[in-house]
Structures are given as structure tokens and as C-alpha cells.
Asks: 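Provided herewith is a single structure, encoded as C-alpha cells, for subsequent inquiry.
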Amino acid sequence: MLPINKWTRKLWLPFSALMLTMGLMISCEKAGGESDKVDFNAEVRPIINTKCITCHGGVKQSGKFSLLFEEEALEPNKSGKPAIIPGHASDSEMIKRILHSDPEQRMPPEGPPLSKAEVEILKKWIDQGAKWEDHWAFVPPESPELPETDHEEWITNPIDQFALARMGEHGLEPSPEAAPEVLIRRLSLDLVGLPPRADHIQRYRAKPTKETYNDIVDELLDSPHYGERWAAMWMDLARYADTKGYQKDRHRPMWKYRDWVIKAFNADMPFDQFTVEQLAGDLLPSPSQDQLIATGFHRNTMTNDESGTDDEEFRVSAVLDRVNTTWEVWQGITMACVQCHSHPYDPIKHDEFYEFYAFMNNTQDADTWTDTPTMPVFTEVQEDNREAIIHWLDSVKAGGQEKTLASLVAAKEKELHSFRGEPLPIMKELPAEEQRTTFVFERGNWMSHGKEVQPGVPGSMPAMPDGAPQNRLGMARWLVSDDNPLTARVTVNRIWGQLFGRGIVETQEDFGSQGIPPTHPELLDWLAVSFREDHQWHIKSFVRQIVSSSTYKQSSKMSPALRDKDPANYWLARGPRVRLTAEQVRDQALAVSGLLSPQLLGHSVMPPQPDGIWQVINNPERWVTSEGDNRYRRGLYTYWRRTSPYPSMVAFDSPSREFCINRRISTNTPLQALVTLNDPVYIEAAQALARRMVEQDSDLADQLEAGYLLTLYQEPSEEILASLENLYQKAKGHFESSGERMEADGQIVEDVHMNAMTMVANALLNTDSFVTKE
């Protein structure tokens with residue numbers, strides 16, 4: 001079992017007028033020290049939390065006692081005396097109330113009293129000085145010593161040493177390496193999101209060496225499709241959509257921001273730069289066009305065009321979303337509740353939320369239908385043509401030929417002005433004289449202002465560097481500073497989760513005390529430090545290190561021992577086996593059928609979807625099915641409408657993107673099979689795959705074998721081949737007896753053999769192995 005602390009929480013009512021509140025900060029590992037020393041995180045906080053919950057709002061009010069922050073727990077209460085006197089448990093009012101014989105005075109008043117063992121731990125902790133300890137995630141990571149392990153011949157890099165050590169603690173042994181076709185398929189799906197190239201499998205099967213494997217890794221990392229695969233992950237975090245959200249959900253041209261992300265991943269932009277440009281590219285000295293485009297990250301917030309809405313209310317809503325998204329994406333902390341009160345479980349105060357809010361509160365954008373500020377953006381072809389014209393005009397002017405070529409110059413200038421760029425929303429800061437004043441919202445109500453606050457970061461976190469600007473740029477640089485304990489951890493954990501199906505911290509969105517502790521804390525810290533220092537924030541080399549490890553290369557087959565000891569693969573004694581993402585399921589079907597368009601970048605497209613999905617009252621927006629290759633582009637480019645996302649991808653767990661989503665929860669439902677069996681995209685893919693199968697050979701058995709090879713990259717067994725032939729014969733008999741025929745491109749397909757083969761192809765696209773990364 002994964003050692004997860006699942007604590008129930010009950011209310012501790014006041015000692016008279018006192019309210020006990022606290023913040024649970026369970027550490028997944030004991031801090032060490034003398035054997036009799038009480039571990040605050042592992043022993044004290046769980047006891048307190050088992051018996052109480054923070055009062056509503058979590059705000060320390062006058063005369064109330066709080067264990068959320070050390071300074072509040074030790075300061076005098078309404079009586080003028082502290083509830084805890086460090087070093088003197090017997091004199092501490094907290095202990096007296098816990099041991100009180102009067103049920104009206106005893107704490108907690110609801111439920112049974114604390115056990116003798118629990119009371120002794122609290123008393124011992126107070127006698128030892130009542131020292132607080134930080135939750136592990138708030139302590140800056142340090143690179144731990146590499147553990148000593150057996151199986152030295154199995155170790156490829158330090159990742160394997162940490163994994164082996166954990167396996168050994170649970171009586172497990174590593175699994176053998178996956179078969180070449182399985183491993184290379186896994187690698188290709190992870191790095192570029194597409195099925196493997198046949199030559200990659202053939203090369204590794206012929207020469208399964210470390211050198212061959214690493215060459216294939218490098219080729220995949222250099223592929224332009226690498227950026228598409230990893231940008232798909234980032235779109236959920238950026239809550240990317242092609243519409244504004246809310247009831248009207250009108251079109252908003254954000255595709256150029258998506259293209260910037262693809263290019264950034266392909267160029268291996270360091271993650272610290274990737275961070276700064278998205279959060280504050282407009283505040284960099286002389287920002288480039290690309291740096292302004294990058295700020296589209298926080299312009300993905302929704303705007304409400306509905307008549308009668310309060311623009312300031314929804315501007316504030318957008319800023320609140322930016323605060324919460326920034327903390328979830330870069331810090332893995334649930335900040336949303338701090339809008340209304342201090343964090344119940346992590347050391348972040350109510351006022352500190354609005355100090356951070358102040359960083360985001362002075363951008364020019366507001367909740368208006370124009371989405372200003374914007375900048376005109378063009379497709380790649382338009383950009384090339386514009387640059388060519390501009391270069392020609394500059395050359396003519398530099399050569400003094402304007403008069404000689406006056407008519408041609410006029411024509412070129414007219415052509416240049418004919419390019420109508422689409423208005424991409426970007427971030428811009430208000431001028432100094434127009435800066436907004438930021439106030440605390442009392443109980444989170446945007447209309448009820450409390451005290452004024454200045455930009456700042458939580459006191460429980462490292463301070464911003466001296467001289468750092470108190471704006472978004474300073475904040476962005478603080479996020480990726482060496483002192484920040486969370487950004488590197490959160491980022492490497494997210495990348496690990498993409499490759500293994502689960503992060504080392506399973507709750508990728510919550511590294512706080514209510515999140516699930518890391519299964520491999522030392523490995524997590526080693527990865528975080530290595531990413532920041534060895535890889536200098538470069539994701540490609542970091543990914544290369546993970547996929548080159550023996551841990552990653554293991555077979556995903558589950559032995560009886562693994563089924564008994566670790567069925568969920570928490571201890572990494574086998575390779576990952578997870579359902580493909582919504583985009584990957586679709587992309588793979590199109591790829592193996594030969595339909596997938598290789599085109600990169602550009603406007604979002606509208607592949608076939610069922611009629612009526614966009615039937616919204618008084619809304620002019622329409623789904624117009626794309627023609628030609630555009631209907632077969634990767635899922636990343638599918639037009640994303642928040643109120644009605646592409647239905648076949650929703651069935652495979654894609655979100656609406658109204659809010660930031662840190663991890664998709666993978667499901668397995670009958671609706672998914674209905675999609676892959678009946679959706680027009682998958683029917684077209686099956687027909688195209690059937691044509692490829694028929695083209696391979698005239699012999700039926702060879703055609704069926706070819707289909708299996710095209711979809712799963714391995715030879716079918718005799719049993720599987722017999723099953724496919726049986727399906728083919730049944731389908732053929734049905735088409736012959738019923739007279740029914742399928743359609744392709746609006747035309748009836750009369751060929752019974754082709755129709756029957758389409759049914760076989762459709763079955764192949766629905767096999768568990770096809771929609772799963774093994």
C-alpha cells in the first residue's frame with residue numbers, strides 16, 4: 001500500500017471563546033534526530049488534525065487560538081496568556097483543556113477524547129520546545145547521496161539507483177527490458193505523440209544496444225512533432241481555447257500563442273526563460289514580437305460578453321484565475337481557497353494572496369468584447385510574404401530607387417497593407433500614473449475591500465531578491481530562482497507523470513500537506529536539482545535522461561509477485577502501462593491509416609463532429625467542417641470551444657479548459673468504445689487502413705497480418721490471426737446477405753471485400769493494445 005495519510009477532520013470548538021485552527025503539514029519522511037525526539041510533521045500535526053478542522057475562513061480573529069502559524073500559536077490569547085508555553089506542557093492551557101474532566105471544557109468536545117499515547121506525544125513535543133517544522137515541499141531541494149544497490153549491471157543512470165533502492169525496500173526486483181517493438185512504440189508516443197517509425201523498430205530489433213537506442217531518442221527529440229506532443233500537455237495548463245468562454249463563448253484567435261508554445265518546445269527553450277516570457281514577456285527590455293505573443297498564456301482567461309454583466313467583476317475574476325493558475329502550474333499549491341481565508345493546511349495567509357494578486361492587478365486588459373490590448377498576428381506563409389515585401393521595399397529605399405520604381409513601390413505597399421492580421425490578446429502593463437490600488441477582499445468578496453496591500457510573496461517562501469522589480473517580471477524571476485523550493489520539483493514531477501502515467505507526487509496539482517506524499521522523495525529532489533543545475537532548465541536533455549534509464553525501459557507485463565505487492569506500480573518495478581491521451585488516440589488512428597496530415601502550426605481546424613453540438617440560442621458561431629488535409633490534422637489543432645469541446649476527445653477525458661488542469665484523470669468507459677467504433681473520424685481511418693491492408697498482398701491471411709503489423713508493430717499469433725479471419729468472414733457474410741454497404745467520401749462502397757476488411761480494421765483500432773501505451 002502507498003503510505004498515504006488520510007486524516008479525518010472534526011471540529012474543535014473553543015476553549016470558552018478560543019477556536020483552535022491549524023494547518024496540517026504532514027511530511028512523508030521523518031526529519032531524523034534523536035530517537036526520542038518528537039517529529040512535528042509526522043506525529044504532532046496528524047494528532048491535531050484527526051481531532052479538528054480549521055474554523056470557517058481559517059482567519060485568526062481577536063481572542064482565537066490558531067495553530068496554522070507558529071507565531072499565532074505562541075502569542076497571547078484573549079486571556080492574555082499563550083495556550084502553549086514551550087518547554088512547559090503541564091502549564092500550557094492547551095494540555096489542560098485536553099485533559100479537562102468537564103465535557104463542556106474538554107477539548108475536543110465532539111467525539112472521543114485523545115488517547116493517552118496522543119496526549120503524551122503532544123506533551124512531549126511541548127516539553128521539547130514546541131518547535132514547528134516546514135512541510136517537505138517548502139524546504140529547498142538538495143541533491144541526496146546516491147543509494148547503494150545491487151544489480152549494478154542494470155543501472156544506466158542515477159534514476160535507476162533510486163528506483164532499485166525503493167524496489168528493494170518492498171521486496172521487488174526490476175522487470176526485464178520491454179520487447180523492441182513495444183519499447184520503441186512507447187518511446188515514440190512519449191516523445192512525439194505518434195506511432196513509431198518502422199525503421200526505428202527494425203534498427204533496434206537488429207541491434208538492441210544503448211547506442212542504437214540513444215540515436216533513436218535523439219532523432220525523436222529533433223523531430224518537429226516533439227513540440228506538438230509537449231505543447232498538447234501545456235495547453236491544459238494554459239487553459240487554451242479558441243473561444244472566450246461563458247454563455248456566448250465567442251471566437252478568440254489564440255492559435256498564435258499555441259504555435260509559440262510548439263516552437264518553444266522544439267527549440268528547447270530553457271524552462272526558466274519559457275516561464276518569464278509567458279508571465280512577463282511584455283516587461284522585458286524591448287520585447288520582441290514572440291515575447292509579446294508568449295504573454296497570451298494569461299490572456300487565455302475567460303471574458304464575459306453577455307449584456308448586463310459587470311466588466312470589473314469579470315476582470316477581477318480573470319485576475320483571480322491568473323493567481324490560482326500561476327500557483328498551480330509553477331508551485332503545485334492550491335491557492336484558490338486563500339481568496340476567502342488563510343490556507344487551512346499550508347502556510348499561506350489571506351492577506352498574502354492579495355499581495356501576490358497585486359502583481360497581476362495592473363495589466364491593461366479588462367472584460368471587454370474587443371479583448372484589448374491585442375497585436376496583429378499572421379500565419380507562417382503570410383509572415384514570409386510580408387517579410388519579403390518589407391525587405392524589398394527597404395532595399396529600394398536604401399538604393400534611392402523610390403521614384404524610378406514608384407508604381408511598383410505603390411503596388412507592393414498596397415499588397416503589404418492587404419494582409420489583415422488577426423488580433424491576438426496580449427499582456428501589457430498600465431502606465432505608472434494609471435496603476436490600480438490593490439486591497440484585500442474581505443471573505444473573498446471583490447466588492448468588500450479591506451486593507452491596502454503591496455505586491456509580495458508569502459512569508460513562508462523565500463523572499464524576492466533585493467532590487468527585484470515589484471511587478472510580474474520580478475515575480476516570474478522569483479518563481480524560477482534557485483531559492484524557490486517548488487518550481488523545479490513541480491516541473492520535473494509533471495514531466496515524470498507524462499512519461500510514467502503518474503507523478504512521483506501523484507497529486508501533481510497539490511504539493512501541499514493535503515497532497516499525496518512522494519513515493520520516491522530522494523529521487524524527486526535529485527531530479528529537481530539536476531534539472532535546474534545539470535540540465536540548466538532544458539527539458540529535452542532532461543527527458544533524454546529519463547527515457548534512457550533502465551527504469552523506463554522495463555517491460556510493463558505484471559508478474560504474480562508484482563500483482564500481489566504493487567499492482568499500481570508505485571515502486572516502479574515494471575514499465576508504464578497507461579491509456580493514451582484523447583489527442584494521441586485520434587492521432588494514432590489517423591497515422592496508421594495514412595490519413596494524418598504532417599502540417600505544423602496555423603489556424604485551428606474543424607474535423608467532422610456530430611450535428612447539433614453547437615446549437616446555441618442567438619449565437620452566430622457555426623462548426624464548418626474543414627476540407628482536405630485540414631480534417632486530418634493532429635488533435636492539438638482541433639478548434640476548442642469551451643462550452644462544447646470536441647466530443648470524441650471529451651469522451652477520452654480531455655477537459656473543457658475553462659480552468660487550468662494539471663493532470664487528466666484517465667478513465668475507461670463504454671462511451672470511449674462507442675466513439676472509436678462509430679465516430680466518422682475513426683470510420684474514415686478504418687476505411688483508409690483497410691485500403692492499406694488490401695494493397696499489401698492478394699492473400700487474405702497476408703492482408704490481415706499486414707493490418708496487425710501496421711497497427712501494433714508485431715506479428716500476430718496464430719490464434720489472433722484466426723480470430724481476425726473469423727471476423728472478416730462474418731462481416732463479409734453480413735454484407736453479402738443484407739445488401740448493406742458502407743460509404744466513403746460520400747460514395748457507396750460496393751466492394752464487399754473492402755467493406756469486410758474495414759470492419760476488421762475498425763476492430764484493430766479498438767484493441768486495448770492500440771489505445772494503450774505499454
Side-chain angles (χ1 to χ4, degrees), residues 2 4 6 28 137 186 189-191 193 228-241 261 265 271 274-275 278 297 300 321 324-337 346 486-521 523-524 527-528 531 539 542-543 546-547 552 568-570 572 575-585 635-636 640 642 645 649-669 672 771-773:
L2 180 64
I4 304 172
K6 294 182 177 177
C28 60
R186 177 193 302 171
L189 288 168
D190 278 340
L191 298 193
E228 293 177 315
R229 180 266 184 267
W230 290 90
M233 169 200 73
W234 195 257
M235 294 299 97
D236 283 359
L237 298 168
R239 60 266 193 254
Y240 171 85
V261 175
F265 275 111
F271 188 76
F274 185 72
T275 296
Q278 289 184 90
F297 176 85
N300 279 309
D321 174 75
N324 297 333
T325 297
T326 300
W327 274 84
E328 182 170 337
V329 172
W330 278 274
Q331 303 291 271
I333 294 296
T334 53
M335 281 290 282
C337 64
D346 296 318
L486 284 163
T487 301
R489 276 191 181 118
V490 169
T491 305
V492 300
N493 186 67
R494 180 180 296 123
I495 294 170
W496 186 276
Q498 288 290 310
L499 300 174
F500 283 87
R502 181 193 296 110
I504 296 173
V505 176
E506 185 172 352
T507 48
Q508 293 175 195
E509 69 284 356
D510 190 358
F511 271 55
S513 62
Q514 293 296 282
I516 297 175
T519 53
H520 298 69
L523 173 58
L524 179 64
L527 290 170
F531 178 54
I539 292 178
F542 180 71
V543 167
I546 295 177
V547 300
Y552 174 84
N569 197 31
Y570 284 116
L572 303 176
R577 188 178 193 277
V578 295
R579 176 61 59 90
L580 297 180
T581 66
E583 293 88 345
Q584 289 175 334
V585 171
L636 171 69
W640 205 283
R642 286 182 163 109
M649 289 204 282
V650 171
F652 280 93
D653 310 310
S654 66
S656 67
R657 294 195 182 143
E658 292 169 284
F659 305 100
C660 166
I661 296 295
N662 217 314
R663 59 174 174 141
R664 297 182 185 180
I665 306 299
S666 182
T667 63
N668 188 347
T669 72
Q672 294 169 350
V771 296
T772 303
K773 182 185 75 173

Asks: Do Glu583 and Ser654 have side-chain N/O donor and acceptor atoms under 3.5 Å apart?
Replies: no
Asks: Is any side-chain heavy atom of Glu506 less than 4.5 Å from a side-chain heavy atom of Tyr570?
Replies: yes
Asks: Please examine the side chains of Trp496 and Phe542, heavy atoms only from C-beta on, and report whether any two atoms are closer than 4.5 Å.
Replies: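 In short, these two side chains do not touch, never coming nearer than 4.5 Å.
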Asks: Drop me the distance from Cys660's SG to Leu237's CG, to the nearest 0.5 angstrom.
Replies: 5.0 Å
Asks: Is there side-chain contact between Thr772 and Leu580, with heavy atoms separated by less than 4.5 Å?
Replies: no
Asks: Distance only, no hydrogens: is a donor on one side chain within 3.5 Å (strictly under) of an acceptor on the other, for Arg229 and Gln498?
Replies: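 Indeed, the side chains of Arg229 and Gln498 share at least one donor-acceptor pair under 3.5 Å.
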Asks: Do Phe659 and Thr325 have side-chain heavy atoms sitting under 4.5 Å apart?
Replies: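 A side-chain contact is absent here, since even the closest heavy-atom pair is not under 4.5 Å.
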Asks: How far apart are the C-alpha atoms of Gln278 and Trp234, what are their side-chain angles, what is the distance that settles it, and do they pass the side chain to side chain donor-acceptor pair (under 3.5 Å) test?
Replies: CA-CA 12 Å; Gln278 289 184 90; Trp234 195 257; 3.0 Å; yes
Asks: So which heavy atom on Leu524 is nearest to which on Pro518, and how close?
Replies: CD2-CB, 4.2 Å
Asks: Roughly how far, to the nearest 0.5 Å, is CD1 of Ile539 from OG1 of Thr491?
Replies: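 The distance works out to 7.5 Å.
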Asks: Salt bridge between Arg494 and Glu328, side-chain N to carboxylate O under 4.0 Å?
Replies: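 Salt bridge absent between Arg494 and Glu328.
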Asks: Do Phe652 and Gln672 have side-chain heavy atoms sitting under 4.5 Å apart?
Replies: yes
Asks: Does Ala568 offer a backbone N or O that forms a donor-acceptor pair with the side chain of Arg502 under 3.5 Å?
Replies: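 It does hold such a pair.
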Asks: Where the side chain of Asp653 meets the backbone of Ser666, is there a donor-acceptor pair that is under 3.5 Å apart?
Replies: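 Looks like no, no N/O pair under 3.5 Å.
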Asks: Using a 6.0 Å distance limit plus a 45 degree cone around the ring axis, check whether Arg239 lies over the aromatic ring of Phe297.
Replies: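 Flagged: Arg239 positioned over aromatic ring of Phe297.
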Asks: Using atom types as modelled and distance alone, determine if a side-chain donor or acceptor of Asn300 lies under 3.5 Å from a backbone N or O of Ala238.
Replies: yes
Asks: Salt-bridge test for Arg663 and Asp236: reply yes if a basic N is under 4.0 Å from a carboxylate O, no otherwise.
Replies: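 The answer is no: the pair does not qualify as a salt bridge.
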Asks: Sub-3.5 Å donor-acceptor pair from the side chain of Thr334 to the main-chain atoms of Asp510, do we have one?
Replies: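 Checked: no pair found.
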Asks: For a 4.5 angstrom cut-off between non-hydrogen side-chain atoms, does Ile504 reach Leu527?
Replies: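 In contact.
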Asks: Is any side-chain heavy atom of Arg657 closer than 4.5 Å to a side-chain heavy atom of Pro645?
Replies: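 In short, these two side chains do not touch, never coming nearer than 4.5 Å.
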Asks: Donor-acceptor pair, Arg577 side chain versus Gly501 backbone, under 3.5 Å?
Replies: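 Not confirmed, Arg577 side chain does not pair with Gly501 backbone.
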Asks: Would you say the side-chain atoms of Gln584 pair up with the backbone N or O of Leu189, donor to acceptor, closer than 3.5 Å?
Replies: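 Answer holds: yes.
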Asks: State, to 0.1 Å, how close Pro655 and Ile661 come at their nearest heavy-atom pair, and which atoms those are.
Replies: CB-CG1, 3.7 Å
Asks: Quick one about Ser656 and Glu658 (side-chain donor to acceptor, distance below 3.5 Å, no hydrogens or angles considered), yes or no?
Replies: yes
Asks: Tell me, do Asp190 and Lys773 make a side-chain contact under 4.5 Å, heavy atoms counted?
Replies: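 Yes, side chains in contact.
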Asks: Let's go through His520 and Leu572 carefully: what are the C-alpha distance in whole Å and the side-chain angles of both, what is the deciding distance for side chain to side chain contact (heavy atoms under 4.5 Å, CB included) to 0.1 Å, and is it a yes or a no?
Replies: CA-CA 10 Å; His520 298 69; Leu572 303 176; 3.8 Å; yes
